Structure formats: C-alpha cells, structure tokens
Amino acid sequence: MRDWMQTFLVFCVLLCWSIMPVNPQLLGKLEHSQKVLETPPLEHPTPAKLPSRNPTRSFWIDSSPDANPLARQGSQDPLPSKADVCIIGAGITGVGVAYHLIELLNNASLSVKHPLSIVILEARDFCSGATGRNGGHLTPAAFLEFAQRQALFDTVEAIKSYKLEQHTASLLVQIIEENGWASDVDLVEGGHINLLFTEKEAENAHKDFDTARQAQLNLDGVEWLSKEELEEEYGAPYSGFREPGNNVWPLKLVTKLYQHAQAHAGQYASLSLHTRTPVTAVTHETTDNSSTSTVVTNRGSISCSRVVHATNAYASYLLPFLAGPDGIIPTRGQVIATRASVGIDQIKIPSWSGNEGFAYWFPRPVKHDTEKPLIIIGGGREAVGPQYELYVDDDSETHPLVGKVLREFLPSIFEGKYDPLSEPEMEWTGIMGFTRTGDPFVGSVTDLLVADPERELYRKQYIAAGYAGHGMPRAFGCAEVLAQMILAEISDKEWKEPDWLPQRYLTWNRRVE
Ligand SMILES: Cc1cc2nc3c(=O)[nH]c(=O)nc-3n(C[C@H](O)[C@H](O)[C@H](O)COP(=O)(O)OP(=O)(O)OC[C@H]3O[C@@H](n4cnc5c(N)ncnc54)[C@H](O)[C@@H]3O)c2cc1C
C-alpha cells in the first residue's frame with residue numbers, strides 16, 4: 001500500500017511537470033548540474049542524425065598530434081563476420097563496457113564457454129564524441145539537488161545518485177593510480193569549487209546540504225567558503241563551497257582504458273576496434289533455437305549475439321523511439337581554451353563551476369609556477385534561450401552568442417586575471433544526451449518497450465546513455481552494470497544489482513511508450 005502511494009505521488013509530480021509551461025531559467029541550468037529538465041514539447045520529434053563528418057577541433061583531440069593514437073584504428077581492416085558482443089560507440093561508455101567485460105572475465109567471477117569476441121564500432125575517429133570534446137571534469141556531485149531528489153523519489157534513491165558518482169569517480173582514479181597513468185592522463189585531484197552567485201542559489205545549496213546530512217549522505221571533504229575567503233584566496237567575489245573533485249584529459253584516459261582492456265583480454269576474450277565505421281541499422285532475427293542481431297555498416301555487416309548501444313546523444317538514430325522529450329535529446333555544448341593573463345600561482349589549481357552549473361572551468365597543469373595556464377571553460381548555453389541548444393546534434397559549428405558569453409565570463413569574475421580582449425586558442429562543440437530527469441537509461445533495450453512485436457526487434461540489445469552533460473562520473477559505472485548484466489545472461493546466472501545503482505536508471509523503470 002505504501003509503495004503504491006509513493007508511486008502515485010511520484011506520478012502526480014511528474015505529470016505536473018509534463019504539463020507545466022517551459023521554464024527557461026531551469027531549462028538552461030543543466031550542463032554541469034543535473035536539474036530536472038523541462039523540455040519544450042515537440043510535435044514530431046525527429047531521431048538524431050549520424051555524428052557529423054567534420055566536427056569542430058577540440059583541445060583534447062586536436063591540440064597535439066599524438067593525442068589520439070587510436071584515431072583511425074581498424075578503419076581499413078575487414079570486419080569480422082560475427083562477434084559475441086558488438087559495442088556501438090567508442091566513448092567512455094563503449095570502451096568502459098569492453099573494459100569491464102574483460103575485467104570480470106579475468107576475475108573469473110563469471111565464466112564463459114569460449115573466448116568472448118568483443119568488437120567496438122565507431123562512426124568517426126576513436127573517442128571523438130562527447131568524451132573527446134567535453135569540459136574534462138571528473139567530479140562526483142557531493143550533495144547538490146539532494147532535497148529535490150529525495151522529494152521526488154525517496155531517501156534511498158536520492159543517496160544512490162551520489163553513491164554511483166562516488167563509486168565511478170573513485171574507481172577511475174584508482175585504476176589511473178594503480179596503473180601509474182596519472183601524469184599520462186593529466187589527473188589533477190585539486191578539488192572543485194562551486195560559486196553561488198545569488199542568495200537563492202546559496203539558500204538552495206544549504207538546504208540540499210542540510211537535507212543530505214540528515215539523510216546521512218557521506219559529505220566528507222565538503223567545505224563552505226565565505227565571500228571574504230574566496231575573494232582573498234582566489235579573487236572571486238562570491239560565497240561557495242568546495243567538494244572533492246578531479247580533472248583529466250578524457251581522451252587519453254579512454255585510450256589507456258582501451259589499451260589496458262586489449263592487453264588483458266588474455267584467454268577469455270578478444271577485443272577489436274573499427275573506427276570510421278558508422279552503424280546504419282541493427283536488425284534482429286529469431287529462429288526456433290537461436291536469436292541474432294545484424295549490425296549493418298557502410299563496410300559490411302556483423303552477426304552479433306549481443307549489441308550495446310553506447311551512442312549517447314545519437315542513440316535515437318538506431319533506436320528511433322528514443323527521439324523526443326521522454327527519450328534522449330541531443331544538446332550541443334560549447335567549450336573554449338583561453339589563456340589567463342597571470343601565472344598559476346595566482347589562478348591556483350581547483351576546478352570550478354558557477355552560475356548554477358551553466359559555467360564550468362579549470363586550469364590545465366603547467367610546468368612552472370609563473371606559467372600562464374590555459375583554462376578550459378564550457379557552458380554559456382543561457383545565451384541562446386528558449387531552446388538552449390536542445391535538439392541540436394551538429395558539432396561541426398560553434399554558436400557565436402555562446403562563444404561571446406564564454407569569452408566574457410572569466411574576465412567579469414576574476415578582475416585583472418583575464419584579458420577581456422584576448423581570443424581563445426581553441427573553441428569547439430560536442431553533443432550531450434539530455435533526458436527529462438537528467439538520469440541515464442541503463443539496461444536492456446526491450447525493457448523500454450511495452451508492445452510485443454516491437455520488443456522482439458530489440459532482443460539482446462543493451463543501452464547506457466543519456467548522462468545530461470554529466471557523464472564522466474557516471475558513464476563508466478553504468479558501463480560496469482551493462483557488462484555485469486551481459487555476462488550474467490551469457491553464463492545463465494542471475495544479475496545482482498550493485499548497492500550504488502539508482503533503480504530509476506534501469507530501463508525496466510523507464511518505459512518510453
Ligand atoms: C561540451 C561538453 C562538455 C561536457 N563537460 C563535461 C564535464 O566536464 N564533465 C562531465 O562529467 N561530463 C561532461 N560532459 C558530458 C560527457 O562528456 C558525456 O556524458 C560522456 O562523455 C558520454 O560518454 P559516451 O561514451 O556515452 O558518449 P560519447 O562520448 O558521445 O560516445 C558516443 C560515441 O558513439 C559514436 N556513435 C554515435 N552513433 C553511432 C553509430 N550509429 N555508429 C557508430 N558510432 C556511433 C559517436 O561518434 C561517439 O564517439 C560534457 C559533454 C559535452 C558535449
């Protein structure tokens with residue numbers, strides 16, 4: 001009875017949202033935070049297109065010639081005719097699924113009868129989607145939005161949102177440190193400062209903190225900072241709080257993860273990568289004793305026992321029922337790399353966000369204390385309301401108004417530390433996958449659908465996608481969940497849900513029909 005009442009209350013709240021007019025303030029403020037999304041209604045939502053062929057050049061991919069050694073790996077090699085697991089997309093999710101499959105097999109917790117053949121298919125160069133074009137923050141949210149989540153779901157679900165992020169970020173940091181990759185991937189564990197620009201923002205943040213503390217969420221490392229403290233230490237005339245946080249070179253991290261997975265495939269698995277191989281369709285056939293998917297590409301087809309959709313913003317291209325406000329909404333984010341006018345001794349190392357998560361930035365590591373650091377700063381979508389770049393899936397262009405906001409942001413906050421007239425050294429866009437609640441879809445694709453004939457078309461297909469601009473501390477954990485599910489199914493064992501996984505991420509709780 002109690003469960004039914006809770007479900008009913010959640011339904012009422014969600015129904016109210018879906019009929020409420022669009023709130024442009026809320027809509028834009030999502031990039032680094034994960035506030036509930038108010039999407040403009042679309043009469044005829046169209047599926048995403050394939051990733052554009054000539055994307056803008058990002059710092060992570062294009063600033064040095066050796067940044068992407070796997071860029072074109074396997075682009076000319078013949079495709080295998082069949083594979084056990086075909087992963088579509090070579091970002092942190094796709095590579096994460098391959099990594100975890102191999103780790104789980106090596107740990108012998110789940111055994112398979114023959115070596116598992118795993119193939120990753122990528123439309124463009126390796127890791128050239130959001131993971132290769134993002135802001136570089138690997139910062140698990142500490143408590144922001146706790147009160148809202150607790151009211152919407154329940155305390156356990158609210159706590160799991162943060163547990164998943166803490167699990168994912170600390171696992172990645174642990175892998176980096178155990179393998180000695182910290183300097184190769186530019187890991188900086190410098191903490192993250194959130195600036196609170198308005199009284200309302202500060203009030204909400206304190207409410208989230210107090211509610212989270214009452215619910216016994218782990219708040220280790222959170223520290224409130226007064227306006228005076230922030231002004232004296234950093235020259236920022238706002239109050240705020242510090243939380244544990246890291247930044248990395250995301251492409252280099254994903255490259256290491258791929259190389260590690262391949263080197264450790266051993267006797268239990270084989271792993272191959274085919275870049276520049278867009279998947280144009282996935283078909284499914286079931287006979288009396290077998291069930292296979294065919295992954296169709298411009299270079300041939302592969303018969304796959306299981307398919308993983310790790311295509312994030314582009315998921316609706318192959319899964320058209322995910323187009324529209326209840327599915328995954330491609331949303332364009334923009335980033336610049338701009339040089340500070342003073343040395344790192346005055347900028348210091350933490351990463352930052354401000355303006356309710358609209359803006360996020362951090363200085364790149366430097367070789368000596370007086371070097372003027374390059375700052376990676378993203379955000380600025382508030383400049384292009386009312387759509388805020390929602391439903392834009394083209395990363396071959398930048399938006400001049402967003403670029404203007406990004407150029408003006410740091411000089412307006414840190415007086416004397418940035419030249420308002422200096423031009424960025426690089427500017428690029430990438431496509432995020434937004435969802436109505438900010439939560440990703442994780443699990444089997446069939447569970448998203450109700451009607452039987454359609455469910456049949458997607459058997460043995462899986463998805464982890466829709467991280468709403470906050471994927472670095474979530475995608476690798478969601479990939480781990482898919483790897484566990486796939487191996488449990490193959491070895492005929494029951495999948496055991498990790499205690500850090502929010503129930504509401506699971507596809508069977510997220511039907512879109
Ligand atoms: C501008 C920007 C800033 C961001 N900043 C941050 C940040 O600072 N911190 C943070 O936590 N998150 C940030 N994010 C979000 C984060 O980058 C993503 O959530 C995360 O990288 C998603 O990883 P993914 O592997 O699921 O998707 P992606 O990295 O996008 O990978 C999907 C891959 O699938 C490929 N693909 C798509 N369709 C097909 C097809 N049909 N056939 C073959 N391949 C296909 C694409 O080419 C792409 O390489 C940002 C995103 C953007 C765009």
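Start at 1 and go down the list; that is how both ligands and their atoms are numbered. The model shown is predicted, which means the values in this text are computed figures rather than measured ones.
Remark: Arg474 is not positioned above the aromatic ring of Tyr467, lacking an NZ or CZ atom under 6.0 angstrom from the ring centre and at most 45 degrees off the axis.
For the residue pair Gln503 / Glu157, no side-chain donor-acceptor distance below 3.5 Å is found, with atom types taken as modelled. Neither side chain, Gln461 nor His284, offers a donor N or O lying under 3.5 Å from an acceptor on the other.
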For this session: Report the C-alpha distance between His264 and Glu103 in whole Å, list the side-chain angles of each, state the deciding distance to 0.1 Å, and finish with yes or no for side chain to side chain donor-acceptor pair (under 3.5 Å).
Result: CA-CA 8 Å; His264 290 79; Glu103 281 295 296; 5.7 Å; no
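In summary, the atoms of ligand 1 found under 4.0 Å from a heavy atom of Gly333, numbered by their order in the structure, are 1 (C). Annotation for ligand 1: atoms under 4.0 Å from non-hydrogen atoms of Pro473 are 11 (O). Within ligand 1, the atoms closer than 4.0 Å to a non-hydrogen atom of Val335 are 1 (C), numbered from 1 in the order shown. Less than 4.0 angstrom separates some heavy atom of Gly89 from each of these atoms of ligand 1: 33 (C), 34 (O), 35 (C). Close contacts between ligand 1 and Gly136 involve ligand atoms 8 (O) [criterion: under 4.0 Å to a heavy atom]. Short contacts between ligand 1 and Gly430, defined as distances under 4.0 Å to a heavy atom of the residue, involve ligand atoms 53 (C). Atoms of ligand 1 lying under 4.0 Å from any heavy atom of Leu50, numbered from 1 in the order shown and given with element: 40 (C), 41 (N). Of all atoms in ligand 1, listed by their number and element, those nearer than 4.0 Å to a heavy atom of Leu121 are 43 (C), 44 (N).
The environment of Glu285 atom CD is sparse: at most 12 non-hydrogen atoms of other residues, nucleotides or ligands sit within 6.0 angstrom.
Note on ligand 1: Ala310 sits in its first shell, one or more heavy atoms being nearer than 4.0 Å. By the 4.0 Å heavy-atom criterion, Ala465 is excluded from the residues contacting ligand 1.
Contacts of Arg474 with ligand 1, taken as heavy-atom pairs under 4.0 Å, are absent altogether. Contacts between Ile431 and ligand 1, counted as non-hydrogen atom pairs separated by less than 4.0 Å, involve the backbone only. At a heavy-atom cutoff of 4.0 Å, ligand 1 is contacted by the side chain of Ile88 but not by its backbone. When non-hydrogen atoms are compared, ligand 1 lies under 4.0 Å from the backbone of Ala130 as well as from its side chain.
Checking Asn312, Asp395, Leu138, Thr168 against atom 27 (O) of ligand 1, the nearest heavy atom belongs to Asn312. Looking at Glu122, Met432, Lys49 and measuring to atom 49 (O) of ligand 1, the nearest heavy atom belongs to Glu122. The option with the heavy atom closest to atom 10 (C) of ligand 1, from among Glu165, Arg332, Met472, is Met472.
Taking the six-membered ring where the residue is Trp, the centroids of Tyr458 and Phe321 are separated by under 6.0 Å. When ring centroids are compared, Trp352 and Phe414 come within the 6.0 Å threshold. Aromatic ring centroids of Phe241 and Phe143 lie under 6.0 Å apart.
Backbone and side-chain nitrogen or oxygen atoms of Arg133 are examined, and none is located within less than 3.5 angstrom of a nitrogen or oxygen of ligand 1. For a threshold of 3.5 Å applied to N or O pairs, the pair formed by Arg124 and ligand 1 contains no separation below that value. Note: an N/O pair closer than 3.5 Å links His137 and ligand 1 by distance alone. Ligand 1 has a nitrogen or oxygen under 3.5 angstrom from a nitrogen or oxygen of Val279. An N or O contact shorter than 3.5 Å is missing between Thr277 and ligand 1 by distance. Between Gly135 and ligand 1, a contact under 3.5 Å exists for at least one N or O pair. Between Leu318 and ligand 1, no N or O atom pair is found at a separation short of 3.5 Å.
The closest donor-acceptor contact from the side chain of Trp428 to the backbone of Arg133 lies under 3.5 Å. A distance-only check finds a donor-acceptor pair linking the side chain of Arg455 to the backbone of Leu449 [under 3.5 Å]. Between the Asn246 side chain and the Leu138 main chain, a donor and an acceptor come within less than 3.5 Å of each other.
At a threshold of 4.0 Å, the pair Arg407-Glu423 counts as salt-bridged, since one of the basic side-chain nitrogens sits closer than that to a carboxylate oxygen.
Between Tyr99 and Phe476, the ring planes lie tilted relative to each other; the angle falls in the 30° to 60° range.
Counting heavy atoms from C-beta on, the side chains of His274 and Ser75 never come closer than 4.5 Å.
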